[in-house]
There are 2 protein chains.
Amino acid sequence: MTSGQPRRRATITDVAEAAGVAASTVSRAFTRPGRVNHATREHVLAVAEELGYTPNPAARALESGRTNTLGLLVPDITNPYFAGVIKGAERAATAAGLTLVLGDTQENPATEEQLVRRLGPAVDGFVLSASRLPDDELRRAAELCPIALINRATPGVACIVADYDTGTRQIVDHLASLGHRGFVFLGGPPESWSGARRWSGLRAAAQAHGMVATRFGPYAPTLAGGPAAADAVLASEATAVVAHNDMLAIGVMRRLAERGVDVPGQVSVVGFDDIFGADFCNPALTTLAERTEDAGSRAIEALVQQTHARIEHPAARVLPTQLVVRASTGRVRRASPRRRA
Amino acid sequence: MTSGQPRRRATITDVAEAAGVAASTVSRAFTRPGRVNHATREHVLAVAEELGYTPNPAARALESGRTNTLGLLVPDITNPYFAGVIKGAERAATAAGLTLVLGDTQENPATEEQLVRRLGPAVDGFVLSASRLPDDELRRAAELCPIALINRATPGVACIVADYDTGTRQIVDHLASLGHRGFVFLGGPPESWSGARRWSGLRAAAQAHGMVATRFGPYAPTLAGGPAAADAVLASEATAVVAHNDMLAIGVMRRLAERGVDVPGQVSVVGFDDIFGADFCNPALTTLAERTEDAGSRAIEALVQQTHARIEHPAARVLPTQLVVRASTGRVRRASPRRRA
DNA sequence: ATGAAAGCGCTAACAG
DNA sequence: CTGTTAGCGCTTTCAT
C-alpha cells in the first residue's frame, strides 16, 4: 500500500517554472502579498497549491537566521504540573506560527545544560520551566539567545512567576478562619526556587496572623515523600499542614488514612499546584492553583517579544494564584484525642 | 545585565579562517573523522571549541534534506495518558540524536491535518498517537513522509498497539474469578479505534466465560462522563462495570460514592490506561495498564528505521498490557439490596 | 511589477 | 589528506 518513493517535495523553482514566473516572484507571492500583481499572485498561489508546495523552513532559516522554532524545557514531562505549561506554550507558539520543541531535563541540571547547548542553534529562544541551572549559567545562556523563565527569577532574564505572596496569604487566612493556631510546612527540595518562595510567604503570613509556622523536611516532592512527612506531622501536635506540592500532600493524606487519622477532622491538609487528581483524591485536596497554561503561553509571548527586539530590562510577570478549597481542610476540633495505628 | 547584542554565531568559515584551513576540512573534521589528518582535526576542533562553533542545523538540513527532527502529535497534552507517550518518545528521540517537535491536535481531525501539513516540511517523520484521521488520509500522509501510529492500525502504516486481546481477557478472567456473572462496558467515543478494540476483546472473553457483556454509552471519556454512566449502571442490575478509560471510571466511582453505593462491595469498577491518579483515587482503581512510555519510544524507533530505508510492509508492533488489581474490584456480594440516594 | 543574481552555512563531488 | 567549486531552497538587493 505504501508508494515506492516518498516523492520529492516541490520547490520554489518548480512552482516558478510551472507558473511561468521567476522564483523571486513566487517568493514574493508568499511573503510580500502587496508587492506583486494581484492576478499574478492568484495564479502563483493556485499553481503552488496544485503542486502541494510548502516553503522549506530550513532554507528560510538559513537565509534569515531565524528558525521560527522555540524550545521548551521542563524537568519532567510526566509530572502533571508541567502538562499545563506545555499545553499553554504549545497553543501560544502555534498561534504565533511558531514550532515548539520540547525537552525533558529529567530534573537534572547537566541534562538541562546539554539540551540548551544541543537545541540552541535550532531555536530562536528557550522557555525554561522551573530551571535547575544556577543563576550565572542562566545569565550566560540569556546572552546567547532569548530566554524566558517560569517560576524562577533571575535578574536580567524575563520571567513568569506565580503570585506566591498573595497565594500563601490566602492559604493562611483560610486556615486561620478555620480556627487553626498554627501549621507545619512540609518542605520540598532545598534548591527549589518556588519552594523557597512558598515558605517565606507562608511564614510572613503566619506572623501577620500571630500563628505559629514550623518547617519540616526536606521531603521528596512525590507521593513517596508522604509517609515520612505524615509521620513527622503525627509526632507533632499540628492541626494543619501545608505541603510543598500536591504530590506530597496526597502522599501525606494516604499515610494519614492508613494511620486512621481523619482528614480534615483531625488534621487539615493543603497543597500547592492543583494538579490533575487533586480533585478526585480522598478527601479532595485544598490547594493553591497556579495558572500553568497561562504561564506557558505568557512565557512564549515574552520570548516572542524578545526575539523581535532585544529587551534591556525584561520585566517579571506575576500571575495570580487561586485558592481552591476542597474537602481536606476543616475546622480545628478541640481536644480530639489522636488515635494511632 | 543583558549584553547588548546576541553576538553572531561562529560559522564554519570563521573556524576555517582561524584554523588556516578550508571550510570543507572543518566540515570533515566534524562529520568524517577518519578522512582528515589527526593533528589537523585536533587543531580544528580546538579552534572551533574556542570560537564556540556549532554547526547550523538549518544549513545541514538544507543540504541533506533531512532535518533530524521528528514530530509527535497527541490529541491532548494534558491528558495524563499521553504524558508517558511523550516522555518515551522524547527519550528515544534524544537518544537517537533527534529533536522532537510536539503538537496538540485538540482531539480534532482538522487540527491534526493542519499540523501535519504545517510541520511536514520541518520534520523527517511523524508519530501520530491515537490519530483521529480517517484511514485514507493517514495512508496519503504516509506516502509523503514516514509515519508511525500508536494505538491505531491502518494497513501499510507502521503501528504500535497495545495487546488488548490478552488484556481484555485478563480483565474478564479477573471478574469471573470474583464471581461476577456479567458486566457492563461503558463505551467512549464511537470513533475511537482503541475503544472498539477494547469492547470486541471484552465481548469475546465474556463469551468464552459464558458471561453476559452489555455495552452502554457512548460517554465522554472524562470525569464529566461519569455521572451519566454511573446512573445507567445503577438502573441496571450490573455487579461490575468496565469503563472505556480511567477518567471515566474515576468519574463513575465518584458518582457511585455520592449515591452511597459501595465500591467494590456492591459494584466492581475496572478502567483502562492506569493513568496518573489511578492509584490514589478512592478506592484505588483496578485497571489495565499500557506501557505508554514504551509505546512512545517504540514508535520513534519504528520511524527512525523507516527514515533509514523505506519499509515496504511495516509490521504492527504489539505491546503487552498488564492488569493492575487494586481496590475497586471485589467478590460479588449476594443479594445485597442496593441502596439509592 | 517582475526578473536576474548573489548569498545564507554547510556538504559533497572532484581535483590535486 | 586537503583545497576548490558547486549547489541545497529561499529571500533579497538591484535592475529593468
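Just so it is clear: chains get the letters A, B, ... in the order the sequence lines come, proteins before strands, and each one is counted from 1.
Pairing each heavy atom of B:Thr67 with each of B:Ala122, the nearest pair is OG1-O, 3.1 Å.
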One pair to check against side-chain hydrogen bond (donor to acceptor under 3.5 Å, both in side chains): B:Arg9 and B:Thr54. What are the steps and the verdict? CA-CA 8 Å; B:Arg9 306 184 55 90; B:Thr54 335; 3.1 Å; yes
Please test B:Asp76 against A:Lys87 for salt bridge (Lys or Arg N to Asp or Glu O under 4.0 Å), starting from the C-alpha separation and ending with a verdict. CA-CA 8 Å; B:Asp76 176 10; A:Lys87 181 115 177 169; 2.7 Å; yes
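Residue contacts for A:Val26: at a heavy-atom cut-off of 4.0 Å it reaches no nucleic acid atom on any strand shown. Nucleic acid contact class of A:Ser24 (heavy atoms, under 4.0 Å, all strands): base. Here B:Arg41 lies out of heavy-atom contact (under 4.0 Å) with every strand. No contact: A:Phe30 has no heavy atom under 4.0 Å from any strand.
Annotation: A:Glu191, atom CD; neighbour count of heavy atoms from other residues, nucleotides and ligands within 6.0 Å is above 12. Annotation for A:Glu50: atom CD does not count as buried by contact number, only 12 or fewer foreign heavy atoms lying within 6.0 Å. Atom CZ of B:Arg317 has 12 or fewer neighbouring heavy atoms from other residues, nucleotides or ligands inside a 6.0 Å radius. For B:Arg66, the CZ atom is densely surrounded, since the number of other residues' heavy atoms within 6.0 Å is greater than 12.
In this entry the distance linking NE2 of A:His43 with P of C:dT2 reads 12 Å, nearest Å. In this structure, the CD1 atom of A:Ile12 is 14 Å from the C1' atom of C:dT2, given to the nearest Å. Per the geometry, CZ belonging to B:Arg35 stands 9 Å off P belonging to C:dA12, to the nearest Å.
For B:Ser27 and C:dA12, a side-chain-to-base donor-acceptor distance below 3.5 Å is absent, hydrogens and geometry of angles not being considered.
Side-chain N/O atoms of B:Arg91 and B:Ser297 include no donor and acceptor closer than 3.5 Å.
With respect to A:Arg132, the side-chain hydrogen bond (donor to acceptor under 3.5 Å, both in side chains) criterion is satisfied by exactly one of A:Glu112, A:Glu137, A:Glu107: A:Glu107.
Ionic pairing of B:Arg139 and B:Glu143 is not present here: no N-O contact between side-chain nitrogen and carboxylate oxygen is shorter than 4.0 angstrom.
Of the residues in residues 58-69 of chain B, those placing a heavy atom less than 4.0 Å from an atom of DNA chain C are B:Ala59, B:Arg60, B:Glu63, in numerical order.
End-to-end axis angle for the helix from C:dA1-D:dT16 to C:dG16-D:dC1, using five pairs per end and rounding to 10°, comes out at 40°.
Residues B:Tyr81 and B:Asn151 have side chains in contact (heavy-atom distance under 4.5 Å, counting atoms from C-beta outward).
In this structure, A:Thr25 reaches the C:dG3 phosphate: one of its side-chain N or O atoms is under 4.0 Å from OP1 or OP2.
A nucleotide of DNA chain D counts as in contact with chain A when one of its atoms lies under 4.0 Å from a heavy atom; the first and last such, 5' to 3', are D:dG9 to D:dT13.
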